[in-house]
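Working notes, beginning with the structure itself.
For ligands, and for the atoms within them, numbers begin at 1 and follow the listed sequence. Predicted model, so just to flag it, every value in this text is computed and none were measured. Heavy-atom basis, side chains included; hydrogens, waters and symmetry copies ignored.
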Amino acid sequence: MHIDRVELITVRMPLVHPFTTSFSTQTERRPLLVRITASRDGRTVTGWGECVALFDPSYSPEYLDGAREMLRRFLVPSLLEWQDAGRPVTAETVAAATAHVVGHRMAKAALEMAVLDAGLRLDDRRFADHLGVTRAVVPSGVSVGIESSIPDLLSQVGGFLDEGYARIKLKIQPGWDIEPVRAVRERFGDVPLQVDANTAYRLSDAPLLRRLDPFDLLLIEQPLAEDDLRQHALLAQQIATPVCLDESIVSVEAAADAIAMGAASVINIKPGRVGGYLAARRIHDLAEANGIAVWCGGMLETGIGRAANIALAGLPGFTLPGDVSGSNRFYAQDVTAPVVMKDGVVAIPDGPGFGVEPLVDVLADVTIDAVDIAAHRS
Ligand code: OSB
Ligand code: MG
């Protein structure tokens with residue numbers, strides 16, 4: 001394909017309810033969308049990507065303004081230079097065209113994602129078909145933030161269970177762990193339940209975390225720091241709850257190391273965090289070959305990222321429900337037609353590429369910044 005134009009569109013979307021984790025409270029999300037205009041054989045399409053970097057560098061070293069600057073100043077120019085040198089531009093070549101930039105996987109993933117969507121649209125091919133996914137729907141879990149009281153938490157969880165969510169994930173931190181889990185188990189019984197600490201504990205907290213063992217949780221997600229693979233392996237020997245890694249899995253290599261060390265018996269795959277959907281697929285394949293369960297994580301995506309994640313979650317190794325909830329979990333108004341959760345599942349969109357695009361009026365309303373980069377003509 002020939003890339004004609006790349007736009008970096010920053011949008012601002014209020015959350016329907018504050019979302020508190022061990023690292024921050026968010027009341028709004030500012031996703032960065034990448035829009036690529038691409039052509040081949042006289043046909044022009046638009047491809048969309050979404051950068052998962054949060055506003056602050058609190059979940060990962062990447063953050064919104066840094067990712068936008070990285071794309072504007074280094075990644076998009078590198079891809080356009082690659083194109084000007086006569087090299088082929090496809091989702092598969094974006095990593096090579098930007099390999100001289102160290103790190104910045106979330107920014108790279110967003111660019112690769114937009115090229116992937118454009119390429120599939122030029123081929124008139126659905127992303128799910130491209131992956132070889134045959135399911136039409138995937139189970140939908142929901143991530144529930146830290147609340148200011150147990151009654152508030154129970155009302156949130158009760159609402160999501162009434163809506164039909166297939167699995168509940170509770171955010172935990174020191175001082176908000178055993179009691180909320182106990183309260184949810186006492187009120188709602190044997191529902192599929194897991195917890196996410198977002199790195200809030202230390203290995204010396206193992207005796208405390210062992211007190212979660214009786215609650216029969218599906219997993220505990222990222223209890224220790226991002227760099228602590230070895231300590232996660234030690235923790236896994238001291239608690240019965242399966243250890244799942246999120247923040248630590250920054251690449252296919254990190255996933256391979258974690259599996260080899262026994263640091264994770266489950267992996268949360270977030271395409272943005274690992275550098276894109278191609279790397280996400282490789283981690284899925286690696287985990288499946290090693291008998292490690294995976295599930296698809298979320299980053300409060302708009303309908304664009306949500307659509308792509310839902311298709312990915314259709315791969316056979318995704319044996320646990322993902323954080324692929326309906327748009328209304330976070331947003332009263334999504335930028336695309338809303339993703340709808342019904343009867344505990346979300347549907348993989350139809351249509352070429354990721355099968356979704358922003359609603360023009362909504363996008364205009366929520367856009368707070370736009371950077372336009374034109375390519376040389378071919
Ligand atoms: O740790 O999984 C996480 C959101 C932002 C950053 C990190 C995480 C999360 C979530 C929300 O848990 C998942 C979602 O989008 O539903
Ligand atoms: Mg997590």
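- Within a 6.0 Å radius of CZ in R230, other residues, nucleotides and ligands contribute 12 heavy atoms or fewer.
- The S143 neighbourhood of ligand 1 comprises atoms 10 (C), 11 (C), 12 (O), 13 (C), with distances under 4.0 Å to a heavy atom of that residue.
- Those atoms of ligand 1 with a heavy atom of D246 less than 4.0 angstrom away are 1 (O), 2 (O), 3 (C).
- Interface atoms of ligand 1 facing K169, defined by a heavy-atom separation under 4.0 Å, are 2 (O), 3 (C), 12 (O).
- The proximity of Q222 to ligand 1, defined as any non-hydrogen pair under 4.0 Å, does not occur for either the backbone or the side chain.
- Atom CZ of R187 is surrounded by 12 or fewer heavy atoms from other residues, nucleotides or ligands within 6.0 Å.
- Across the listed options R306, K270, M299, K270 owns the non-hydrogen atom lying nearest to atom 3 (C) of ligand 1.
- Here the options are D196, V195, L217, the test is side-chain contact (heavy atoms from CB on, under 4.5 Å), and the partner is K169; only D196 passes.
- Using a 4.0 Å cut-off to heavy atoms of D196, the atoms of ligand 1 that qualify are 1 (O), 2 (O), 3 (C).
- In this structure, L54 and F23 have side chains that are in contact, with non-hydrogen atoms separated by less than 4.5 Å.
- Using modelled atom types and a 3.5 Å distance limit, the side chains of T302 and E50 yield a donor-acceptor pair.
- For D196, the nearest N, O or S atom to the Mg ion (ligand 2) falls under 2.8 Å.
- Annotation for ligand 1: atoms under 4.0 Å from non-hydrogen atoms of D323 are 12 (O), 13 (C), 14 (C), 16 (O).
- Nearest heavy-atom pair across M70 and V101 is SD-CG1, 3.8 Å.
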Item to check | Step-by-step salt bridge (charged side-chain N to carboxylate O under 4.0 Å, His left out) determination, R282 to D285 | outcome: CA-CA 5 Å; R282 276 183 229 122; D285 295 350; over 6 Å; no
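- Side-chain contact between I269 and F318 is present, with heavy atoms from C-beta onward closer than 4.5 Å.
- Looking at every heavy atom in both residues, F188 comes nearest to L154 through CZ-O, 3.4 Å.
- For ligand 1, the polar-atom distance check against N198 finds a nitrogen or oxygen pair separated by under 3.5 Å.
- Residue contact annotation: E221 places an N/O/S atom under 2.8 Å from the Mg ion (ligand 2).
- The protein heavy atom nearest to atom 13 (C) of ligand 1 is G298 O, 3.3 Å.
- A donor atom on one side chain and an acceptor atom on the other are not found under 3.5 Å apart for R273 and S60.
- Between atom 12 (O) of ligand 1 and the options R29, R329, K171, E301, the minimum heavy-atom separation is to K171.
- For ligand 1, none of its N or O atoms has an N or O atom of F19 under 3.5 Å away.
- Taking every heavy atom of F330 and a limit of under 4.0 angstrom, the matching atoms of ligand 1 come to 14 (C), 15 (O), 16 (O).
- At the top of the distance list for atom 4 (C) of ligand 1, counting protein heavy atoms only, stands L300 CD1, 3.3 Å.
- D246 has its closest N, O or S atom to the Mg ion (ligand 2) at the position named OD2.
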